[in-house]
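Right, one structure below, let's go through it.
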Amino acid sequence: MLKPLEVYQILLDRFGPRGWWPADTPFEVMVGAILTQRTAWRNTEKAIQNLKDLELLAPSLAFVDLAAIERAIRPAGFWKEKARRLQAFAQYLMRNYGGDLDKFFARDVTTIREELLALPGVGNETADSILLYAGDKPVFVVDAYTQRLCARFGLTKEGGYNGIQRFFAANLPKSTEIYKEYHALIVELGKRHCRSTPVCGGCPLVGECEYGRNTERA
DNA sequence: ACCCAGGTGGCCC
DNA sequence: GGGCCACATGGG
């Protein structure tokens, strides 16, 4: 049976460090986390660049005309929803922390997570991405690729977001560096080999487990 | 003309 | 807990 740390080593050897999350500031990570929801990163990049060009990539986004945000982020899709989410987030940061992210992150991880989840459009993955990549907190991020990986290779019987997160946390050193790299590596694997079909040609994990052997052909 | 992308929330059973 | 739907752009 493949173990989390073994999978990590295989992926790291194969793909090398990914250097996630690509962003200049923690606030950019937060905005990117919302913009990239169910959206190709390429499109998220365009939206972020538009915000940068308009000098809108700061908590002061709270005071900007909503229509201007909508226009800027259009390439990222779901622009009406996401513009509202971004502004609500910025308003929250301004109102409660004066837009000071150090203050926002200088508290108990559980507390921050609850506050993030209370915001519109911030679910488990977005909250955890923000905690890990913007706040540098040791929180393992689970995405669709991670769940697919677990299902395909029978890593764990635990199910759902929280179950899978618990599984990785319990079987990995509590290291933000490993968490950051691992999530990025899983996405890289998913992009290359594990889309909608159960066949993973050239997958570095095939042959390491029963599932891989059984589905290698066809 | 399909399919999918670094999800979330609402509603239903 | 699960299944279905809306949200929308851009690339393969």
Side-chain angles (χ1 to χ4, degrees), chain A residues 7-8 11-12 15-24 26-51 66-67 69-89 92 113-135 137 139-152 156-168 176 178-201:
Chain A
V7 171
Y8 177 69
L11 296 180
L12 188 57
F15 300 131
R18 304 284 81 207
W20 268 25
W21 184 296
D24 295 333
F27 188 73
E28 185 176 332
V29 174
M30 298 173 167
V31 169
I34 289 173
L35 288 180
T36 201
Q37 291 168 356
R38 199 64 191 180
T39 299
W41 180 252
R42 173 173 302 281
N43 292 337
T44 302
E45 281 181 315
K46 292 177 189 168
I48 288 178
Q49 189 56 52
N50 288 343
L51 291 172
L66 189 59
I69 303 175
E70 293 179 345
R71 241 178 290 120
I73 69 169
R74 211 170 314 169
F78 305 136
W79 46 271
K80 245 177 165 341
E81 289 280 348
K82 287 174 177 176
R84 192 170 48 78
R85 292 172 180 181
L86 288 181
Q87 186 151 59
F89 190 19
Y92 172 80
R113 192 169 196 272
E114 284 170 2
E115 289 184 12
L116 285 170
L117 289 176
L119 291 166
V122 178
N124 287 320
E125 185 182 341
T126 303
D128 290 340
S129 295
I130 288 171
L131 285 167
L132 179 61
Y133 293 107
K137 308 291 184 186
V139 177
F140 194 86
V141 178
V142 176
D143 67 349
Y145 290 128
T146 312
Q147 307 208 32
R148 231 175 273 171
L149 177 75
C150 288
R152 280 158 193 255
T156 174
K157 286 189 171 62
E158 298 217 59
Y161 189 99
N162 295 308
I164 291 174
Q165 184 179 54
R166 218 180 304 120
F167 168 72
F168 279 97
T176 57
I178 292 179
Y179 287 3
K180 286 179 179 177
E181 202 53 61
Y182 205 159
H183 173 63
L185 287 167
I186 288 174
V187 173
E188 188 61 29
L189 173 73
K191 280 182 176 174
R192 299 194 191 204
H193 302 294
C194 299
R195 293 180 184 275
S196 53
T197 69
V199 181
C200 290

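Proteins come first, then strands; the chains are lettered A, B, ... in the order of their sequence lines, and each starts at number 1. Here the structure is a predicted model, which means the values were calculated and not measured. Atom set for the values below is all heavy atoms of this structure, side chains included, hydrogens, waters and symmetry mates excluded.
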Q: Check the distance between B:dG6's C1' and A:Glu181's CD and give it to me in whole angstrom.
A: 14 Å

Q: Would you give a per-nucleotide map of nucleotides 7-13 of chain B, 5' to 3', where B means the base has a protein non-hydrogen atom under 4.0 Å away, S means only the sugar-phosphate does, and - means neither?
A: BSS----

(Q) Between A:Thr44 (side chain only) and A:Gly32 (backbone N and O only), is there a donor and an acceptor less than 3.5 Å apart? (A) no

Q | Positional range of nucleotides in DNA chain C within the contact set of chain A, heavy-atom, under 4.0 Å | A | C:dC7 to C:dG11

Q. Does A:Lys82 use its side chain to pair, donor to acceptor, with the backbone of A:Ala76 at less than 3.5 Å?
A. yes

Q. Sub-3.5 Å donor-acceptor pair from the side chain of A:Gln37 to the main-chain atoms of A:Phe78, do we have one?
A. no

Q: Determine the Euclidean distance between corresponding P atoms of C:dG2 and B:dG6; express it in Å to zero decimal places.
A: 23 Å

Q) Is the backbone N or O of A:Ala72 less than 3.5 Å from a side-chain atom of A:Asn50, with the two atoms forming a donor-acceptor pair by type? A) yes

Q) Between the main-chain N or O of A:Val141 and the side-chain N or O of A:Tyr179, is there a donor-acceptor pair closer than 3.5 Å? A) no

Q: Tell me which of A:Arg42 and A:Lys80 sits closer to the 5' end of DNA chain C, going by the nucleotide each one is nearest to.
A: A:Lys80

(Q) Parallel, tilted or perpendicular, judged at 30° and 60°: which one describes the rings of A:Phe140 and A:Phe168? (A) parallel

Q: Taking atom types as modelled, find out whether A:Arg113 and A:Asn124 have a side-chain donor-acceptor pair closer than 3.5 angstrom.
A: yes

Q: Test side-chain contact (heavy atoms from CB on, under 4.5 Å) on A:Leu11 and A:Glu188 and set out the steps.
A: CA-CA 9 Å; A:Leu11 296 180; A:Glu188 188 61 29; over 6 Å; no

Q. If you look at every strand shown and take non-hydrogen atoms under 4.0 Å, does A:Trp79 touch a base, only sugar-phosphate, or nothing?
A. sugar-phosphate

Q. Please give, in whole Å, the distance from B:dA5 C1' to A:Arg192 CZ?
A. 17 Å

